[in-house]
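Residue numbers start from 1 in every chain, and the chains themselves are labelled A, B, ... in the order their sequence lines are given, proteins ahead of strands.
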Amino acid sequence: MIVRADAERTSTAFGMLDLRIQRWIWTEKWSVLRDAQERAIPALVGCDRDVLIAAATAAGKTEAAFFPILTHLLADTRDTGLCIYISPIKALINDQFMRLERLCEQLELPVWPWHGDISSSSKNRFFKQPSGVVLITPESLEAMLCNRGFQAPQLFAKLRYIVVDELHAFIGTERGKQLQSLMQRMELAVGRKVMRVGLSATLGDLGMAAEFLRVRGGSAVEVINSNSDPVRLQLEIKGYVEPSHLLAEQQDAPAITTSFIVQDLFDTLCGSNNLVFPNTRGLVEEYAHALGRLCEQQRVTNEFWPHHGNLSRDIREETEAALKNKALHATAICTNTLELGIDVGAVKSIAQIGSPPSVASMRQRLGRSGRRPGEPAILRGYVTEQALAKDSTLDIQLRTGLFTFAAMVSLLEEKWVEPPQTNGLHFSTLIQQLLSLIAQRGGVQAGDAYRTLCVQGPFPALGKPDFLDMLRHLGKLELIQQEASGVLLHGTKGERIVNHYSFYAAFAAEEEYRVVCDSRVLGSLPISSSVSIGDYIVFAGKTWRVETIDEEGKTILVSKTSTGKAPVFTGGKGQLHAKIRERMRELYRGTGVPHFLDAAAVLLLQEGRDSYARCRLDQRVMLSMGSNIYLLTWLGDKQNEALAAVLRKAGLSVSASGPAIEIFAKETGEQRIAHCLRAFASQPPPDAQQLLAGVFNLRREKWDWALPEHLLKKSYASLQMDVAGAHAWAQQYAAASQEQDH
DNA sequence: GACCTGCTGCGGGATG
């Protein structure tokens with residue numbers, strides 16, 4: 001057997017694996033182990049350290065983790081161990097289950113897929129024999145701890161490893177804090193350390209990711225960073241100019257440039273598989289509909305399929321099947337539903353309409369193309385700018401849309417991605433974890449809860465007095481109550497909430513209407529998107545008339561029509577990192593032309609540079625235009641948000657706007673703004689409580705409504721602002737303006 | 001001018 005000889009000759013790690021796993025690798029005809037696998041096996045097989053594996057999407061990360069883990073679980077022949085694998089999405093659990101079960105069948109090791117769609121009979125069988133591999137979501141794990149807390153020590157008695165897949169998808173989120181807390185609670189239940197394994201393809205900073213995996217112990221995590229062969233990139237940004245007079249006259253008509261972009265997509269993408277990312281669900285609908293119509297007009301089979309989170313599973317699977325079907329050419333118009341885990345096979349190119357939300361996201365998207373040996377990863381960018389007019393805003397004059405996109409692409413080429421955002425406090429999730437801990441243990445001492453969740457857990461930023469404040473507030477809201485003995489229990493309201501299944505998710509979800517046509521569910525629309533009877537809408541790439549709206553049953557009935565308009569989906573704003581603004585400024589100051597711009601985009605680049613020079617933005621920080629003053633910091637959105645709060649507190653009417661802060665009412669005067677900035681710089685940075693005094697409407701996360709005011713402000717500020725960064729900038733500004741005065 | 005993710009236990013009734 002040649003295959004066997006190859007594997008043995010080139011690999012020492014191979015010999016460390018259980019013989020049955022070696023045999024399985026031979027029968028699968030794998031000639032060599034991948035780099036990540038080769039290095040992960042010795043790191044994991046001894047079960048004596050935490051490991052972070054960073055490797056490209058198709059580099060066999062799952063096997064890299066499971067070959068040595070299964071080997072370790074099988075080593076004790078009398079008592080097979082347990083491994084818990086945690087995934088952010090159900091579809092990934094289903095995928096991994098199919099891959100893993102083929103192997104584990106041979107090993108006589110049970111694999112337990114575990115999420116909301118799995119029957120309780122399978123789950124009950126696990127409770128009788130808790131060993132093997134459990135593939136689970138954080139929410140299902142939360143439910144297990146909540147409802148079977150007393151059994152936790154027995155259930156996890158044999159737990160050896162916790163594997164977290166798509167680690168980057170958790171970092172910096174409510175679910176991430178929840179996950180860290182769950183891992184901590186499992187370890188406490190069994191009274192010992194359990195080895196943690198993180199898997200990811202898109203990590204901006206491995207040290208921070210390691211620290212996320214093991215709070216206060218990141219430096220001891222073994223990091224395996226496997227860069228497989230770098231893929232050749234083929235990048236292009238095409239520029240388009242929207243005639244402004246037409247836009248003003250016909251508000252409702254689709255923009256002229258949209259139809260140019262649609263035509264270009266049609267011409268370049270037909271005949272191959274591609275993904276198109278227009279950034280919003282509404283635009284996914286618009287483009288899918290427009291491309292479908294174009295196919296109809298040209299009398300060719302439609303090759304364009306919509307995909308986003310509000311479409312029914314049914315419709316999403318149609319799109320996924322079209323992409324996987326080798327007999328068809330298919331292009332998906334999608335949101336980041338197709339950015340994560342689900343396997344849709346290799347695609348030829350990615351089209352990005354408008355700049356992406358982050359460089360990390362653009363890289364993840366691009367990772368979907370160029371997966372076959374020798375093929376490049378192709379990114380086609382499209383940027384629309386409005387025609388220049390006398391009254392054009394600064395934004396339009398500077399062509400910030402093009403410069404943002406170009407800066408991001410140039411950073412992508414340098415392999416830079418945003419570092420993970422780990423300083424969010426997420427006190428909302430602390431409340432959830434406290435209530436869940438009470439459920440798990442049937443009551444908990446306040447000091448014990450503080451130690452578990454804050455001192456040793458993922459919420460170390462909360463001091464003891466603040467924690468007690470929070471408990472008192474939760475008591476007032478009847479979420480918790482304290483027994484005479486000091487034990488914390490659920491209050492009447494807390495009891496009701498914890499006993500409903502909606503408790504297990506750490507993140508908030510908006511209520512939605514189901515959209516139904518002839519008893520087929522097409523998907524859902526958020527309650528907030530205003531839709532009335534008789535409206536014509538675009539949904540799932542087709543047009544419909546709204547027939548009835550059932551408020552009780554939360555259902556919208558529609559029928560087919562021939563015209564319609566994409567519905568409005570609401571949402572927050574992305575946060576641009578300061579590094580991108582820095583790169584934009586270098587582009588304005590430079591004279592070179594990035595190789596990835598087409599002729600029209602180069603013209604826009606020149607127009608932007610002309611405006612930058614004309615406004616003398618290299619020398620000045622403030623610029624009066626129309627009735628406003630712009631404070632051009634060129635900082636990231638979080639720093640600008642903090643500066644805007646500082647100015648707002650001084651009584652100015654302001655709004656953070658791209659690379660600048662816009663100050664309304666020119667009569668304010670540049671002097672007054674300069675004075676505010678110097679005053680801010682001369683004092684130590686204010687805390688959130690001072691900065692957000694008198695500011696309302698700060699609730700963003702699921703349990704924010706139950707936080708005492710000052711903790712809500714602290715949590716909000718940690719997520720939305722960088723006060724220290726803003727302060728550092730103000731100090732630089734103050735020093736520079738002093739020099740000018742002398 | 002943002003996007004996405006997730007969900008138990010129990011009881012009643014039908015079916016094999």
Side-chain angles (χ1 to χ4, degrees), chain A residues 86-94 114-124 127 136-149 165-166 168-179 182 255 277-284 286 307-311 313 316 333-342 352-358 360-362 364-365 383-386 395-396 400-401 404-405 429 432 436 439 496-510 512 523-524 526 566 568-576 637 655-658 700-702:
Chain A
I86 302 171
S87 153
I89 38 180
K90 292 189 285 189
L92 192 56
I93 287 177
N94 298 341
W114 198 297
H115 54 68
D117 303 342
I118 304 286
S119 73
S120 57
S121 58
S122 153
K123 294 173 181 172
N124 285 327
F127 290 129
I136 196 167
T137 60
E139 288 74 17
S140 284
L141 195 53
E142 186 77 68
M144 204 193 280
L145 278 172
C146 218
N147 299 324
R148 296 185 182 259
D165 205 353
E166 307 278 5
H168 63 273
F170 288 109
I171 300 178
T173 69
E174 294 162 278
R175 279 179 111 192
K177 279 281 180 227
Q178 176 187 32
L179 171 67
L182 290 169
F277 292 94
N279 290 348
T280 72
R281 288 166 286 182
L283 285 174
V284 165
E286 251 174 56
H307 197 287
H308 63 74
N310 281 74
L311 295 175
R313 186 141 147 207
R316 282 200 261 179
I333 321 295
C334 57
T335 60
N336 55 2
T337 41
L338 287 183
E339 191 180 296
L340 277 164
I342 312 163
Q352 173 65 53
I353 301 173
S355 57
S358 67
S361 156
M362 178 161 55
Q364 185 89 9
R365 290 170 181 184
V383 170
T384 300
E385 292 280 3
Q386 284 179 34
D395 204 41
I396 290 171
T400 50
T404 307
F405 203 163
T429 308
Q432 185 217 23
S436 181
R496 206 162 52 236
I497 294 175
V498 174
N499 285 333
H500 192 265
Y501 64 83
S502 58
F503 172 70
Y504 309 123
F507 56 90
E510 210 187 345
E512 290 176 336
S524 62
V568 179
F569 293 92
T570 55
K573 248 180 26 183
Q575 285 172 342
L576 228 51
D637 286 336
S655 157
S657 156
R700 296 289 182 278
E701 303 192 324
K702 190 174 184 180

What is the distance, rounded to the nearest whole Å, between atom [atom1] of [X] and atom [atom2] of [N]?
X        : N     : atom1 : atom2 : answer
A:Asn124 : B:dT8 : CG    : C1'   : 11 Å
A:Gln575 : B:dC3 : CD    : P     : 15 Å
A:Phe507 : B:dG6 : CZ    : C1'   : 4 Å

Look at the side chain of [X] and decide which nucleotide, out of [options], has an atom nearest to it.
X        : options             : result
A:Thr280 : B:dC3, B:dG6, B:dT8 : B:dC3
A:Asn336 : B:dC3, B:dT8, B:dC7 : B:dC3
A:Asn279 : B:dG1, B:dG9, B:dC3 : B:dG1

Look at all strands and tell whether [X] reaches a base, only sugar-phosphate, or nothing, counting heavy atoms closer than 4.0 Å.
X        : answer
A:His115 : sugar-phosphate
A:Ala509 : base
A:Ser355 : base
A:Ser502 : base
A:Pro357 : base

Identify, with sequence neighbours excluded, every residue that meets salt bridge (Lys or Arg N to Asp or Glu O under 4.0 Å) alongside A:Glu142.
A:Arg185

Residue list, salt bridge (Lys or Arg N to Asp or Glu O under 4.0 Å) with A:Lys702, at least two apart or on another chain:
none

Pick the nucleotide of DNA chain B nearest each of A:Gly354 and A:Phe127; which residue has the one closer to the 5' end?
A:Gly354

Would you kindly compare A:Ala505 and A:Asp395 by the position of their nearest DNA chain B nucleotide and give the one closer to the 5′ end?
A:Asp395

Stacking between A:Tyr504 and B:dT8, defined as ring centres under 5.5 angstrom apart with planes under 30°, is that present or not?
no

B:dT8 phosphate, OP1 or OP2: any side-chain N/O from A:Ser140 under 4.0 angstrom?
yes

Under 4.0 Å between a side-chain N/O of A:Lys123 and OP1 or OP2 of B:dG9, yes or no?
no

Any non-hydrogen side-chain atom of A:Pro278 less than 4.5 Å from a side-chain atom of A:Ile333?
yes

